[in-house]
2 protein chains.
Amino acid sequence: MSGTLSRPILPAVSVKVNGVPYRSIFPDGDRRSVRIVDQTVLPHEFRILRLTDVEGVARAISEMQVRGAPLIGAAAAYGLALALRRSADDAALARARELLLSTRPTAVNLRWALDRVSEAVRPLAPEGRAEAAYRLAGEIAEGDVERNRRIGEHGLPLIRALAARHPDRPVEILTHCNAGWLATVDWGTATAPIYLAHDAGVSVHVWVDETRPRNQGASLTAWELGHHGVPHTVIVDNAGGHLMQRGRVDLCLVGTDRTTATGDVANKVGTYLKALAARDNGVPFYVAAPSSSIDWGLEDGGDIPIEERSAEEVTRITGRSDDGGVATVSVVPDGSPVANPAFDVTPGRLVTGIITERGVVQASREGLASLFPERAGARTEGVTRP
Amino acid sequence: MSGTLSRPILPAVSVKVNGVPYRSIFPDGDRRSVRIVDQTVLPHEFRILRLTDVEGVARAISEMQVRGAPLIGAAAAYGLALALRRSADDAALARARELLLSTRPTAVNLRWALDRVSEAVRPLAPEGRAEAAYRLAGEIAEGDVERNRRIGEHGLPLIRALAARHPDRPVEILTHCNAGWLATVDWGTATAPIYLAHDAGVSVHVWVDETRPRNQGASLTAWELGHHGVPHTVIVDNAGGHLMQRGRVDLCLVGTDRTTATGDVANKVGTYLKALAARDNGVPFYVAAPSSSIDWGLEDGGDIPIEERSAEEVTRITGRSDDGGVATVSVVPDGSPVANPAFDVTPGRLVTGIITERGVVQASREGLASLFPERAGARTEGVTRP
């Protein structure tokens with residue numbers, strides 16, 4: 001296991017593993033590879049993988065060794081850089097971009113990062129492209145860290161306000177899937193306000209949705225909150241509605257894989273159900289969305305492509321066996337077909353607010369355009385940033 | 001494995017296992033024991049257990065070897081009969097009733113069945129009580145079969161009407177947990193209309209919610225639909241909202257563990273989330289409720305006691321290992337706390353209709369009282385049965 005021998009080059013912010021601060025992705029000293037935390041073996045094992053070529057990066061994305069919309073973007077940027085180390089002509093660039101783009105259809109950060117790198121290196125002579133791409137991948141990763149820190153700062157007052165209302169007990173926050181440190185380069189999106197609140201001494205407690213079928217909540221969010229010392233409780237995905245009915249949730253806070261220009265939010269399947277329960281019980285429902293996850297070209301959440309993943313993610317569950325090893329069991333009868341849509345779309349009408357790196361706004365065209373007038377395009381002419 | 005050697009005495013209706021029609025519970029020839037299908041080892045193994053004393057029955061209920069509100073009622077009735085075989089005085093009767101009542105707090109059929117047997121045997125001399133209780137337990141079981149068959153007949157027209165609207169494709173029905181043959185003595189509640197429709201040649205397809213944490217959907221409902229030849233697809237609990245948004249569900253059909261006199265429905269946790277999604281997408285949401293699951297003394301679903309079950313149901317998952325054996329894996333990091341509420345309450349306002357053995361009515365006091373004026377009590381005076 002190479003993991004325990006490697007250390008990140010950049011200072012990490014939010015999560016320490018065995019006392020060492022880590023980022024979920026970090027460049028290698030040779031600038032010809034990149035290191036990632038293998039998210040398919042957590043929480044049973046903390047393993048760092050070294051990726052050396054674009055095929056390895058594409059496989060790591062599609063097999064979800066790296067996952068989470070913002071992290072996928074950063075990983076894809078490094079993937080393009082690694083491809084250009086091998087061959088840097090226009091055809092190779094286009095091929096590598098296509099390969100990476102095909103790995104996951106829903107998260108828009110992937111395309112955003114690939115476009116950013118492609119457009120930056122295309123004007124350059126081939127011999128300078130790889131190094132420029134590698135440098136830009138680093139900047140994309142740094143930009144993610146900075147965006148998430150700002151999301152944390154903009155989200156923190158929401159948690160502080162709830163804490164002031166309930167000084168006698170922790171603020172109860174429900175989250176779905178993993179929009180944490182592991183889904184980004186650092187901090188997380190939905191977790192950034194939580195980490196900042198916890199570090200500032202605000203008492204918080206997180207209800208962690210298990211998040212079937214891949215259990216990213218139980219495997220990843222619980223693991224990372226535990227490492228940071230944030231009080232939390234794992235629940236099955238079915239339980240959140242009941243908790244909201246009984247007044248046990250003050251705030252829902254989730255991430256997003258793609259947000260339309262009108263504020264519809266694609267996120268891990270099941271998010272929509274929690275948004276419905278939040279509305280039915282008067283619980284505020286916030287989405288942490290870095291601008292890299294906003295698809296300014298889409299109007300309607302119904303047009304977001306929803307990835308259909310393999311049946312095996314549902315039928316087979318991997319965990320720690322009683323002898324300490326890792327084992328996989330089958331939980332669906334042979335012969336029973338399975339469907340596995342990986343995301344759903346929460347309409348903007350169910351979202352109390354979107355927390356971006358520039359502030360918190362209504363989940364609407366007007367709201368998003370007010371913060372990002374330069375991205376919202378011609379349609380938003382006349383809307384001025386507050 | 002004693003299972004394959006035992007045959008039910010009564011003719012079964014809905015499910016054959018290896019060509020043999022079975023009920024989920026059936027009396028033994030010696031009238032001093034009762035046989036059940038062990039639901040904790042399905043779908044990996046079909047095992048019949050012989051229960052010989054009240055302690056065994058209580059354990060089978062609390063460990064969910066038998067489960068499902070109607071089946072719990074029938075099992076408890078047999079449990080009381082077995083207790084009376086050993087000692088039939090008033091004190092023994094009261095002790096056995098208390099023991100059985102303490103096994104599961106949410107399903108009301110348990111109390112309903114225990115009260116029915118207790119009241120019937122109390123006037124008798126002790127020496128006649130055990131045999132009378134055993135006979136009455138059989139009648140309770142038979143009554144369940146008959147109620148469910150009628151629920152099927154009353155629900156069938158709903159499915160036929162949807163089939164007429166979509167003659168080119170199957171009627172798409174979503175169900176949660178197992179309100180099937182295995183949850184009752186036979187037929188099931190929510191599944192009874194589905195089995196009748198399928199047997200009548202109406203094309204149906206069932207979306208089976210996995211139903212974490214115990215996976216009764218994947219383990220039990222998929223297994224029994226498969227044995228009956230009903231087309232179905234297993235999905236994780238998170239997926240149903242997305243399917244409804246995309247127009248892939250025509251009807252939600254679930255069971256209930258306790259329904260208030262006003263039409264609020266306690267059912268397996270997660271049901272409420274599906275009811276919210278159904279309302280948001282205009283999908284009819286029906287609850288199959290035999291009168292034995294109606295608690296006429298309760299007005300408000302918020303007063304239904306919600307069972308909190310063990311964390312291990314969430315943290316440990318049992319399935320078939322690749323070598324063909326049965327294995328258990330842990331899926332939550334050590335040290336992460338877990339909460340496990342087993343039920344939630346769907347308010348009557350989200351329920352399109354309740355399918356009872358006497359017909360389909362609105363989920364309201366007026367609706368239920370119109371069908372069961374003799375049970376609805378003084379409040380419903382003047383309401384006449386249609």
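Convention: sequence-line order gives letters A, B, ...; per-chain numbering from 1.
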Mind checking whether [X] and [Y] have side chains closer than 4.5 Å, heavy atoms only?
| X | Y | value |
| --- | --- | --- |
| B:Ser293 | B:Arg258 | no |
| B:Glu172 | B:Arg169 | yes |
| A:Ser219 | B:Val331 | no |
| B:Phe343 | B:Ile304 | no |
| A:Val230 | A:Val204 | yes |

What pair of heavy atoms forms the shortest contact from [X] to [Y], and how long is it?
| X | Y | answer |
| --- | --- | --- |
| B:Ala342 | B:Arg309 | CB-CD, 3.9 Å |
| A:His205 | A:His232 | NE2-C, 3.5 Å |
| A:His44 | A:Thr318 | NE2-O, 4.2 Å |
| B:Ala218 | B:Val208 | N-CG1, 4.3 Å |

[X], part contacting chain B, at a heavy-atom distance under 4.5 Å:
| X | answer |
| --- | --- |
| A:Pro43 | side chain |
| A:Arg349 | side chain |
| A:Asn215 | side chain |
| A:Thr315 | neither |
| A:Ile306 | side chain |

Would you check if there is a donor-acceptor pair between the side chains of A:Asn178 and A:Gln39 at a distance under 3.5 Å?
->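 Looking only at side-chain atoms, A:Asn178 and A:Gln39 do not form any donor-acceptor pair under 3.5 Å.
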- Query: Where does the angle between the aromatic ring planes of B:Phe46 and B:Trp223 fall among parallel (under 30°), tilted (30 to 60°) and perpendicular (over 60°)?
  - Reply: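 It falls in the parallel class, under 30°.
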I'd like to verify something: which residue of [options] has the highest number of heavy-atom pairs under 4.5 Å with chain A?
| options | value |
| --- | --- |
| B:Asp280, B:Val345, B:Val338, B:Thr211 | B:Asp280 |
| B:Gly302, B:Pro333, B:Ala222 | B:Pro333 |
| B:Ala277, B:Gly240, B:Gly335, B:Gly217 | B:Ala277 |

ask   = Should B:Glu45 and B:Arg47 count as an ion pair when the cut-off is N to O under 4.0 Å?
value =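 The answer is yes: the pair qualifies as a salt bridge.
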For residues 241-257 of chain A, give me every residue with a non-hydrogen atom less than 4.5 Å from any non-hydrogen atom of chain B.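 At a heavy-atom separation under 4.5 Å, chain B is reached by A:Gly241, A:His242, A:Gln245, A:Arg246.
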Inset, instruction - Pick one of side chain, backbone, both or neither for B:Glu313, based on which atoms fall under 4.5 Å of a heavy atom in chain A. - result: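 Neither; nothing under 4.5 Å.
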Taking B:Thr352 for the side chain and B:Pro284 for the main chain, is one N or O donor matched with an acceptor at less than 3.5 Å?
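Judged by distance alone, no pair lies under 3.5 Å.
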**Request:** Could you tell me whether the side chain of B:Glu224 and the main chain of B:Leu182 form a donor-acceptor pair under 3.5 Å?
**Result:**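 Yes; at least one donor-acceptor contact below 3.5 Å.
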Next item on the list: Considering only heavy atoms, give the residues of residues 262-276 of chain B separated from chain A by less than 4.5 Å, sorted numerically, with 'none' for an empty result.
Entry: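 If one takes a 4.5 Å heavy-atom cut-off, the residues of residues 262-276 of chain B near chain A are B:Val269, B:Gly270, B:Tyr272, B:Leu273, B:Lys274, B:Leu276.
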Of all of A:Asp344, A:Val314, A:Val234, A:Leu350, which one pairs up most often with chain B through heavy atoms under 4.5 Å apart?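 Of the options given, most contacts go to A:Val234.
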